[in-house]
Amino acid sequence: MNLITLLKQTTSKSLDSLYQVKIQPDQVLVNATKPEFEGDYTIVLFAFVKQLGKSPEQVGNDLGNAMQNALPSIITNFNIVKGFLNFTIRNDYWLEFIQHLSPNELLPPAINKKKIMVEYSSPNTNKPLHLGHLRNNFLGWSIAEILKLQGHEVVKTCIVNDRGIHICKSMIAWQLFANGATPNSTQKGDHFVGDYYVKYNDAFKAEVAELVAGGMMQETAEKEAPILKAAHEMLLKWEQGDAATLNLWKKMNNWVYEGFEVTYKKIGSDFFKTYYESNTYLLGKELVEEGLTKKVFYQKEDSSVWIDLTPDGLDEKIVRRKDGTSVYMTQDIGLAQLKQKEFNTDASIYVVGDEQNYHFKVLKLICQKLKQPAADGIYHLSYGMVELPTGKMKSREGTVVDADDLVDEMINISKEKTEALGKVSDFTQAKLTELYNTIGLGALKFFLLRVDPKKKMIFNPEESIDFHGFTGPFIQYTHARIKSILRKTGTAFTITPNELLPLEKQLAIELSSFPAMVNEAADNLDPSKLAIYAFNLAKLFNTFYAEHSISNAESEVKKQLRIQLGVLTAATLQKAMSALGIAVPEQM
RNA sequence: GGUUCGGUAGCUCAGCUGGAUAGAGCGUCAUCCUUCUAAGAUGAGGGCCAUUGGUUCGAAUCCAAUCCGAAUCACCA
């Protein structure tokens, strides 16, 4: 059992037998003892002192003695400072921990296994992926991995927004300006199509300006611009199944998919199933009828269908237009139902930006009111936008940090830095390429995953992403460093250790908290918890490394103990990083 | 205007289910490679935790108000 859990339970039991008070184990606050005080773990007493009517010293003394008697093989000592009861754990406990832990036992104990869907990435097909999509992709992939570490079955899906006005804009611009040009070897298909999306917008703005110069109101002009009307017409033709339009649509989408595939492969995104909006946008139509029958929805005179969410503190929301077509919301309800039919998951996580918070609140609410089986399992993993120092990125303005460009840049930087350090001169070209990819992507992924997903983050393109300090390469380096030592020392561990220095103990404590960290990251759907943990562990190891020699340890016993600490640290770093989608090299 | 989210060191961020003197990284300055990988370590400096009030033995953390910023409130997706 986890030591902190044990301390909590024992505290609860001890308080009961001492004072006949019931305090639940999870009400007991156990912290790591601050370095300036003596001890390893601290129980905060204030919480119970009041209801016991005794002084903190009295309670601390009683509880300390009781705990020590209850756990003689674990607690060696305790002291009380103000309302804080500090316990020192027996070195034998940690030695036992180090000696018997195998790298495969680092994970949290299995809990009740669930089937969970993670929908992420979900690109539009009118433009290439940018930095914001990278945050989405890395988050989704990492969340899936973290849930797997907890023992769940995960189904990764993606919904491609392959139809609608946005792609029609790229299509119309291509017709107008491309002269039949197609993607070539110097430009990926997604970038090629994205250029026409920008060209569309430039033309639109020029037309609007012209109309305004002719005396039209800005607002009217933005609706009357000929190129916009052409795009709308094209959308209409698409919906009517016009062959020429569908052909162009397929052709351009395929260019985009070819481009996406290259990017996904490079960044490691994968999906068990990909849904296409062109196949799902008609879903949910029968749900509208169902909702009307159940009186969840109501119809207005113009025959449009609505749901009144004002009792829930929200607004009225339309679910079917007066022309009978369904809206985005309805499609999403339909898709949720379809996913449930196909996969029967216990929970469904949508990795979507926080601009859609309202949408997902409404989606879940409507599904619940319709009594859909999937409703309660809907969870919107809302993440903040990635912004530039100048503000939001806008694809139509062309002010985006392109995903492919950034990935390439990171890989190039890692190449330069690696060459400058000259530590892998024995590598083949293939191994070098792999290493540059590992480090470059490691830096990028870590940069995007190390912050709380909920918070928006700022990326400054002027300052390249760091390779020192709180970064992916720092942790990768620490791993490579450990492996380098272990290659020389071997990993034999046959002698029973009998003493433990402070830094060795700290490492053991840090290692022991990994399973709890996995659970915390999973429960909060927050990979940054693991990123921070991995960084702290790596930093601690580096301090330890600078202070104590492994291969030239004071004695054979010490050497073996430290080798084992190295083995466990490397394995833990590897597991934590792999849950972030980051590989750790053996040498760098 | 309604709703929601955010404001912590020069910059980027932890800490937020209340607990000891608020922490990292970057940047700045100063040390440490004839010894296991210096993408490293050690130290210095840097803070009215947006503001004001409240609850509490105790508040960056909870509550209220205010200020600032963002998202959203479409018969767009």
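From a predicted model like this one, the values you see are computed outputs, not experimental measurements. Each chain gets a letter, A, B and so on, in the order the sequences are listed, and its residues count up from 1.
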Engineer: Look at A:Arg320 together with A:Glu289 and state whether they make a salt bridge at an N to O cut-off of under 4.0 Å.
Structural biologist: yes
Engineer: Using the C1' atom as the point on both nucleotides, what is the distance between B:rU61 and B:rA20, in whole Å?
Structural biologist: 16 Å
Engineer: Checking contacts here: which listed nucleotide (B:rC13, B:rG19, B:rU37) is nearest the side-chain heavy atoms of A:Met457?
Structural biologist: B:rC13
Engineer: Over all strands shown, is A:Asn86 touching base, sugar-phosphate only, or nothing at heavy-atom distances under 4.0 angstrom?
Structural biologist: base
Engineer: How is the base pairing of RNA chain B summarised as a dot-bracket string, given the Watson-Crick and G-U wobble criteria with both distances under 3.5 Å, [ ] for crossing and | for another strand?
Structural biologist: ((((((((.[[[[.)...(...]]]].(((((.......))))).....[[[[[..)....]]]]])))))))....
Engineer: Counting just side-chain N and O atoms, does A:Lys456 come under 4.0 Å of either OP1 or OP2 of B:rA70?
Structural biologist: no
Engineer: With sequence neighbours excluded, tell me which residues meet side chain to side chain contact (heavy atoms under 4.5 Å, CB included) with A:Asn542.
Structural biologist: A:Phe474, A:Thr478, A:Arg481
Engineer: Considering residues, nucleotides and ligands other than A:Glu316, do more than 12 of their heavy atoms fall under 6.0 Å from its CD?
Structural biologist: yes
Engineer: Report the distance from atom OG of A:Ser414 to atom CD1 of A:Ile465, rounding to the nearest 0.5 Å.
Structural biologist: 11.5 Å
Engineer: Under 4.0 Å between a side-chain N or O of A:Tyr281 and OP1 or OP2 of B:rA77?
Structural biologist: no
Engineer: Inspect the surroundings of NZ in A:Lys285 and state if more than 12 heavy atoms from other residues, nucleotides or ligands are less than 6.0 Å away.
Structural biologist: yes
Engineer: Using atom P of each nucleotide, how far apart are B:rA22 and B:rC26 to the nearest Å?
Structural biologist: 22 Å
Engineer: Answer yes or no as to whether B:rU4 has its base stacked against A:Tyr358, where stacking requires a ring-centre separation under 5.5 angstrom and planes under 30 degrees apart.
Structural biologist: no
Engineer: Going by the ring-ring contact (aromatic ring centres under 6.0 Å, His included) test, which pairs reach into residues 26-48 of chain A, not counting sequence neighbours?
Structural biologist: A:Phe46-A:Phe84
Engineer: From A:Leu530 CG over to A:Phe446 CZ, what is the distance, rounded to the nearest 0.5 angstrom?
Structural biologist: 10.0 Å
Engineer: Which residues pass the side chain to side chain contact (heavy atoms under 4.5 Å, CB included) test with A:His232, sequence neighbours left out?
Structural biologist: A:Ile165, A:Leu228
Engineer: Can you tell me the distance, in whole Å, between the NZ atom of A:Lys223 and the P atom of B:rC76?
Structural biologist: 11 Å
Engineer: Kindly write out the residues that satisfy ring-ring contact (aromatic ring centres under 6.0 Å, His included) with A:Trp238, not counting sequence neighbours, or none if the list is empty.
Structural biologist: A:Trp249, A:Tyr281
Engineer: If I take atom CD in residue A:Glu387 and atom P in nucleotide B:rC13, what distance separates them, rounded to the nearest angstrom?
Structural biologist: 10 Å
Engineer: Ignoring backbone atoms, test whether A:Thr543 places a side-chain nitrogen or oxygen under 4.0 Å from the OP1 or OP2 oxygen of B:rU42.
Structural biologist: yes
Engineer: Rounded to whole angstrom units, what separation is found between the CD atom of A:Glu355 and the C1' atom of B:rU4?
Structural biologist: 14 Å
Engineer: Given B:rC36, is OP1 or OP2 found less than 4.0 Å from the side-chain N or O atoms of A:Ser551?
Structural biologist: no
Engineer: For A:Asn542 and A:Lys82, find the nucleotide of RNA chain B closest to each by heavy atoms; which residue's nucleotide sits nearer the 5' end?
Structural biologist: A:Lys82
Engineer: Find every protein N or O atom lying less than 3.5 Å from an N or O atom of nucleotides 26-31 of chain B, and list the pairs.
Structural biologist:
none

Engineer: Between B:rU17 and B:rG7, how far is it from one P atom to the other, in whole Å?
Structural biologist: 13 Å
Engineer: Which listed nucleotide (B:rU37, B:rA20, B:rA24) is nearest to the side chain of A:Lys34?
Structural biologist: B:rA20
Engineer: Taking C-beta and beyond as the side chain, do A:Phe493 and A:Ile563 meet within less than 4.5 Å on heavy atoms?
Structural biologist: no
Engineer: Name the closest nucleotide to the A:Asp302 side chain, picking from B:rA38, B:rC75, B:rA20.
Structural biologist: B:rC75
Engineer: Among residues 524-538 of chain A, which ones have heavy-atom contacts with RNA chain B below 4.0 Å?
Structural biologist: A:Lys529, A:Ile532, A:Phe535
Engineer: Restricting to nitrogen or oxygen on both sides, can you table the protein-nucleotides 55-64 of chain B pairs closer than 3.5 Å?
Structural biologist:
unit_1 : atom_1 : unit_2  : atom_2 : d
B:rC57 : OP1    : A:Lys50 : NZ     : 3.3

Engineer: Does A:Asn161 have any side chain to side chain contact (heavy atoms under 4.5 Å, CB included) partners at least two apart in sequence or in another chain, and if so, which?
Structural biologist: A:Asn124, A:Ile159, A:His166, A:Glu277
Engineer: For A:Gln218 and A:Glu222, test the side chains for any donor-to-acceptor distance below 3.5 angstrom and give the result as yes or no.
Structural biologist: yes
Engineer: Let me know the distance between CD1 of A:Ile475 and C1' of B:rG40, rounded to the nearest Å.
Structural biologist: 14 Å
Engineer: Looking at A:Phe535, does the NZ or CZ of A:Arg450 lie under 6.0 angstrom from its six-membered ring centre and within 45 degrees of the ring axis?
Structural biologist: no
Engineer: Which residue, A:Lys392 or A:Ile458, contacts RNA chain B at a nucleotide closer to its 5' end, judged by nearest heavy atom?
Structural biologist: A:Ile458
Engineer: Kindly confirm or rule out a cation-pi arrangement of A:Lys317 over A:Trp306, judged by NZ or CZ under 6.0 Å from the six-membered ring centre and within 45° of its axis?
Structural biologist: no
Engineer: For A:Glu224, which residues count as a side chain to side chain contact (heavy atoms under 4.5 Å, CB included) partner, sequence neighbours excluded?
Structural biologist: A:Leu211, A:Met216, A:Thr220, A:Lys229
Engineer: Residues of residues 303-325 of chain A with any non-hydrogen atom less than 4.0 angstrom from an atom of RNA chain B: list those, numerically ordered, please.
Structural biologist: A:Ser304, A:Trp306, A:Asp315, A:Ile318, A:Arg321, A:Lys322
Engineer: With sequence neighbours left out, write down each residue that passes salt bridge (Lys or Arg N to Asp or Glu O under 4.0 Å) with A:Glu434, or none if nothing qualifies.
Structural biologist: none
Engineer: Should A:Arg450 be listed as having a side-chain N or O under 4.0 Å from OP1 or OP2 of B:rA24?
Structural biologist: no
Engineer: Answer yes or no on whether A:Lys169 is positioned over the face of A:Tyr197, meaning its NZ or CZ is under 6.0 Å from the six-membered ring centre and within 45° of the axis.
Structural biologist: no
